Amino acid sequence: MSLPVSGSASRLLSLLCGVMLLALSLGAGARELAAEIDEMVEVEVATVGLAGFGGPPVVLLREPGEREVIPIFIGPNEAGAILRGLAGERSQRPMTHDLLNDVLDGLEARLERVYVDAIVDHTFLGMLELSLPGSDDKLRIDSRPSDAIALAIQAGASIHVAPQVLEAARDIEYEGLDDQVVVALGITVAPVTDDLREALGLPDQPGVLVNDVRGPAAEAGLQPGALLLEVNGEVPETPLSYLELVRDTPVDEDARLRYWQEGEEHELEVTTDVPPREPMPRPRQDVPGIRT
């Protein structure tokens, strides 16, 4: 669906559309993918951490079936955009990554996939894959992985990483941030405070709060506001420990979850495969006040 735009904005979108179509006709992009698509691994964005102890930010990617979380270096601005996306937050006025997604929507283009396909001289390389209206071809655009991942979270695009990148990134040491949201199995969790316990009527038991849920866990009945009590029989004391417990799920087995919801305890088993993403909802546009 197209967005309503002013005359000047409409001309800008028309120009951008022409540029994208020209890029498509010319073969799109300054470089080719450095890995075969069929060999790449789909990953789930879990959270943001720090390289080493107090080092630069990294985005942590969960690779299904593996006991490790893969860190990839990103910048502070991209770290903030990724964390806002994981938390389902979006400012009333568009930030940079919001703006680019709005432009794509205005052009009726769709970001379908992003790739992290190479690491050269300690620099990660990425690629956007777009579909354009009226064309069966895909438009691929060279990108920094940090920007690509931030866009993917908002657009609901899947994220694919080359095997050689996964292997190289495993050697990067990182530390997590326990007070931030973490996503695994399509379940977004956050720390549960005393105020939240009181407001939501949660029991006085250790666990983490479910902020959002999608995919198989949602289909099985898990809802936002639930208190996640156990993963595979172990208590997730913090969001990061929840990620670690999911990561330690035996290969080819489902993760076993126990949770409190609406006054009752429930159990479910959920696949560790990467669940399908969904685009972030747009903020309300009828909020009164001055915006810049």
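We use all heavy atoms of the structure for the numbers below, so side chains are in, but hydrogens, waters and symmetry mates are not. Since the model is a prediction, treat every value here as computed from it, not as a measurement.
- Looking at heavy atoms from C-beta onward, V69 lies in side-chain contact with R247 at the 4.5 angstrom threshold.
- Taking all atoms of both residues into account, the shortest heavy-atom contact from P64 to T272 is CB-O, 3.5 Å.
- Remark: E267 does not engage R256 in a salt bridge, criterion side-chain N to carboxylate O under 4.0 Å.
- In this pair, Y259 and H266 present their aromatic rings parallel. The plane angle is below 30°, not in the 30 to 60° band.
- Under the 4.5 Å side-chain heavy-atom criterion for Ile, Leu, Val, Met, Phe, Trp and Tyr, I159 and I119 are members of the same hydrophobic cluster.
- Both I153 and I141 are part of a single hydrophobic cluster, where members link through side-chain heavy atoms under 4.5 Å apart.
- Contact of the L209 side chain with the L200 side chain is registered, since non-hydrogen atoms from C-beta on lie closer than 4.5 Å.
- The minimum heavy-atom distance between A217 and V270, with the atom names listed, is N-CG2, 3.9 Å.
- Hydrophobic clustering places V208 together with V45 (ILVMFWY residues linked when any side-chain heavy atoms are closer than 4.5 Å, directly or through intermediates).
- L222 places a side-chain heavy atom less than 4.5 Å from the side chain of Q261.
- The two residues E44 and V274 come nearest to each other via the heavy atoms N-CG2, 3.9 Å.
- The hydrophobic cluster containing L268 also contains V231, counting ILVMFWY residues as joined when their side-chain heavy atoms lie under 4.5 angstrom apart, directly or transitively.
- The side-chain contact (heavy atoms from CB on, under 4.5 Å) with V48 is formed by just one residue from the set V58, I74, L60; it is I74.
- The distance from the CG atom of D248 to the CD atom of E234 is 9.5 Å, given to the nearest 0.5 Å.
- Atom CD of E173 is surrounded by 12 or fewer heavy atoms from other residues, nucleotides or ligands within 6.0 Å.
- Of all heavy-atom pairs spanning Y242 and A184, the tightest one is OH-O, 2.7 Å.
- Once rounded to the nearest 0.5 Å, the distance linking CZ of R110 with NZ of K138 reads 9.5 Å.
- In this structure, CE in M127 is found 5.5 Å from CG in D142, a value given to the nearest 0.5 Å.
- Of all heavy-atom pairs spanning L50 and G55, the tightest one is CD2-O, 3.5 Å.
- Closest of all the heavy-atom pairs between P275 and P216 is CB-CD, 4.1 Å.
- Distance OH/Y115 to CE/M40: 6.5 Å, rounded to 0.5 Å.
- Note that the CD atom of E269 and the OG1 atom of T249 stand 10.5 Å from one another [nearest 0.5 Å].
- A single hydrophobic cluster is seen to contain both V43 and Y174, as judged by linkage of ILVMFWY side chains at heavy-atom distances under 4.5 Å, directly or through other members.
- Annotation: side chain of V210 is in contact with side chain of I187 (closest heavy-atom distance under 4.5 Å).
- Counting heavy atoms from C-beta on, the side chains of L185 and R62 come closer than 4.5 Å.
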Are V183 and R214 close enough, and set up right, to give a side chain to side chain contact (heavy atoms under 4.5 Å, CB included), and what steps lead you there? CA-CA 11 Å; V183 180; R214 55 186 170 78; 4.3 Å; yes
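- For the pair H160 and V41, the minimum side-chain heavy-atom distance is 4.5 Å or more.
- At least one side-chain heavy atom of L125 sits less than 4.5 Å from a side-chain heavy atom of R31.
- Inspection of the S158 and E42 side chains reveals no N or O donor paired with an N or O acceptor under 3.5 Å.
- The side-chain heavy atoms of L86 and V182, taken from C-beta on, include no pair separated by under 4.5 Å.
- Between D204 atom CG and R197 atom CZ the span is 5.5 Å, to the nearest 0.5 Å.
- By the 4.0 Å N-to-carboxylate-O rule, R140 lies too far from D117 to be salt-bridged with it.
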Step-by-step side chain to side chain contact (heavy atoms under 4.5 Å, CB included) determination, T271 to D254: CA-CA 5 Å; T271 175; D254 291 343; 4.0 Å; yes
